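Reading through the structure tokens given below for one structure.
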There are 2 protein chains.
Amino acid sequence: MDEQVPRDFETLRATILDRRESLPKRIAQIAAYALDNPDDIAFGTAASIAASAGVQPSTLIRFAQQLGFDGFTSLQQVFRERLRERNSSYDERLQALRAKAEGGAGHRAIFDGFIAAASTSLNDISRTLDDAHLEEAISLLAKAQTIYVLAKRRSYPVASYIAYALGKLKIRNQLIESAAGLNAEMVGFATPADAVIAISFSPYAPATIEEARAISEQGVPIVAITDSSFSPLAQFARVWFEVAEADFAGFRSLSATMALAMALTVGVGEKRRDVGRKRKA
Amino acid sequence: MDEQVPRDFETLRATILDRRESLPKRIAQIAAYALDNPDDIAFGTAASIAASAGVQPSTLIRFAQQLGFDGFTSLQQVFRERLRERNSSYDERLQALRAKAEGGAGHRAIFDGFIAAASTSLNDISRTLDDAHLEEAISLLAKAQTIYVLAKRRSYPVASYIAYALGKLKIRNQLIESAAGLNAEMVGFATPADAVIAISFSPYAPATIEEARAISEQGVPIVAITDSSFSPLAQFARVWFEVAEADFAGFRSLSATMALAMALTVGVGEKRRDVGRKRKA
DNA sequence: GGGAATATGAAATAATAATTCCAATCCATA
DNA sequence: TATGGATTGGAATTATTATTTCATATTCCC
């Protein structure tokens with residue numbers, strides 16, 4: 001007999017979605033509005049919400065009653081609860097992690113610190129990355145005969161992952177490693193029909209800078225990932241990305257750089273497939 | 001003349017903190033309550049808030065007026081705005097990113113996909129990582145004379161970063177690379193006084209597994225980072241971590257593995273410093 | 001197509017909540 | 001310790017808001 005009144009937002013959402021088909025027109029209208037604008041329901045008055053949704057206040061109340069609430073007010077509680085529980089906003093959670101990392105003892109604190117640094121970096125790059133630069137870089141790299149990947153020291157792991165991914169995508173590439181000490185020769189093979197992905201952060205590895213200079217003088221276009229407009233890499237680059245990685249315990253995160261690197265790599269893969277398809281057509 | 005009315009929560013907060021000293025007792029009381037329980041201010045009624053804070057409703061209104069608002073209602077707006085603007089919860093943001101990545105076209109979508117995958121992975125590992133395992137692994141590695149780092153293919157970037165970080169921390173380590181084809185010999189040098197960090201995910205690189213088996217038969221303890229308890233690495237390992245990395249476009253994130261790797265590395269560095277200190281004392 | 005059941009709109013009403021006002025109290029200063 | 005000004009408590013008042021009611025419209029089924 002007693003129909004279950006949804007006590008939390010998710011249940012409520014599910015209930016609404018479930019009954020969607022069987023609801024009268026106006027009730028359905030307010031139901032859709034509620035799911036689309038939950039914040040409005042949480043804060044608005046019955047009248048204001050009704051007006052925004054294009055129905056009468058009484059409809060709003062009927063909607064609430066149909067869900068088993070005894071009125072709009074108790075329905076609204078659920079929407080308000082949602083905002084309260086959402087309490088641990090991303091930033092607050094991060095702050096907590098960071099606090100634990102700084103104050104806390106033990107190795108868990110170190111781990112939390114790296115998680116926080118990585119999250120912060122991802123967050124930052126997600127906000128700041130310029131779509132146009134991304135498109136430009138991908139176009140440039142997609143046209144290259146061979147993609148050279150240039151990075152040392154701290155950035156080297158990123159370079160090796162790029163090389164791995166490019167290989168899996170069957171895109172010709174050359175990782176410029178120092179093992180054999182033949183970098184200068186390797187670099188010498190690059191032509192303007194190729195392209196370079198160069199990665200370096202302060203303190204810039206001198207070898208990376210020197211090789212980037214040399215290769216840009218040969219007219220090979222460079223896509224750079226670096227950390228500021230003052231970076232020596234930026235001046236050699238056709239396109240460059242500024243990536244600010246957060247650090248912890250003296251080690252910077254690589255997560256943002258990795259994500260960007262992957263986007264470039266897979267982006268090039270997709271672009272080539274598209275171009276290939278067009279050529280055939 | 002017209003005193004600036006705080007329009008956003010941060011300004012309001014600053015204003016309150018600024019005037020704190022000069023506020024009358026009851027007003028100060030409600031001010032403190034407001035900063036401590038902003039959600040209550042956002043949702044409560046003047047009467048309920050006043051009761052919780054132990055003052056009269058009229059005091060609440062005087063408080064609002066002193067800040068330049070024309071009443072409680074407009075003060076409350078600021079607290080409500082805060083909840084609205086507070087970036088949608090982490091999960092919702094992620095969902096949005098993922099939706100964009102899946103639905104959206106263009107290369108930005110790819111980028112968003114990788115960001116979402118990385119965030120998810122970080123989130124997961126932060127929840128699931130076992131502190132005891134972490135302590136155990138760090139103890140084990142801290143005692144090692146040489147730390148061998150073993151990983152191929154997709155996991156190799158992590159290994160190279162570990163090697164870089166260990167080097168910077170002046171911890172003796174050996175990256176087992178395949179370049180010279182001398183892995184078997186390299187592995188042969190390891191003794192039970194050393195230790196190994198091995199990283200491999202499905203599909204497990206046969207070389208990694210084979211080398212891990214060989215080295216464990218020599219009695220060298222292994223710390224493994226892998227993706228499930230069925231992993232062949234897990235059976236050779238003294239301590240192992242299960243890391244579930246989210247993937248996008250066929251490429252798994254490395255962010256969680258990286259964070260764990262860094263925590264291990266820096267943890268070992270700290271542990272050695274501590275032990276060194278104790279020995280001296 | 002007719003009629004009952006259901007849904008909707010609009011305004012009246014009831015409830016609730018914000019604000020104001022005034023008397024009482026507190027506090028600093030002479 | 002008296003006095004003026006500021007502060008506070010509490011009830012009265014006003015405003016706002018939710019809810020109910022009822023007339024009208026729509027839909028669905030026979």
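Each chain gets a letter, A, B and so on, in the order the sequences are listed, and its residues count up from 1. Note that this is a predicted model, so its numbers are computed, not measured. Excluded from the calculations below are hydrogen atoms, water molecules and symmetry mates; all remaining heavy atoms, backbone and side chain alike, are included.
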How many Å lie between [atom1] on [X] and [atom2] on [N], as a whole number?
X: A:Arg62; N: C:dA10; atom1: CZ; atom2: P; value: 12 Å
X: A:Ile30; N: C:dG9; atom1: CD1; atom2: C1'; value: 14 Å
X: A:Arg26; N: D:dT26; atom1: CZ; atom2: C1'; value: 12 Å

Apply side-chain contact (heavy atoms from CB on, under 4.5 Å) to [X] and list each qualifying residue two or more places apart in sequence or on a separate chain.
X: A:Asp130; value: A:Ala132, A:His133
X: A:Asp247; value: A:Arg252
X: B:Thr59; value: B:Arg26, B:Ile27, B:Val55, B:Gln56, B:Arg62

**OP:** Write out all pairs satisfying ring-ring contact (aromatic ring centres under 6.0 Å, His included) with one or both partners inside residues 9-59 of chain B, taking only residues at least two apart or from two chains.
**Re:** A:Phe43-B:Phe43, B:Phe9-B:Phe79
Scan nucleotides 16-19 of chain D against the protein and return all N/O pairs shorter than 3.5 Å with their distances rounded to 0.1 Å.
unit_1: D:dA18; atom_1: OP1; unit_2: A:Ala46; atom_2: N; d: 3.0
unit_1: D:dA18; atom_1: OP2; unit_2: A:Ala46; atom_2: N; d: 2.6
unit_1: D:dA18; atom_1: O3'; unit_2: A:Thr73; atom_2: OG1; d: 3.1
unit_1: D:dT19; atom_1: OP1; unit_2: A:Thr73; atom_2: OG1; d: 3.4
unit_1: D:dT19; atom_1: OP2; unit_2: A:Phe72; atom_2: N; d: 2.7

Subject >> Pairwise salt bridge (charged side-chain N to carboxylate O under 4.0 Å, His left out) hits with a residue in residues 117-128 of chain A, at least two apart >> reply: A:Asp124-A:Arg127
Please list each protein N or O that sits under 3.5 Å from an N or O in nucleotides 25-28 of chain C, with the distance.
none

Subject >> Touch class at under 4.0 angstrom, heavy-atom based, for B:Leu60 against every strand present >> reply: nothing
Subject >> Set of side chain to side chain donor-acceptor pair (under 3.5 Å) partners for A:Ser231, sequence neighbours left out >> reply: A:Thr226
Subject >> Partner residues of B:Tyr161 under the ring-ring contact (aromatic ring centres under 6.0 Å, His included) criterion, sequence neighbours left out >> reply: B:Tyr164
Subject >> Donor-acceptor pair between B:Asn123 and B:Ser126 side chains, under 3.5 angstrom >> reply: no
Original post:
Can you check whether A:Gln56 has a side-chain N or O nearer than 4.0 Å to OP1 or OP2 of C:dA10?
Top reply: yes
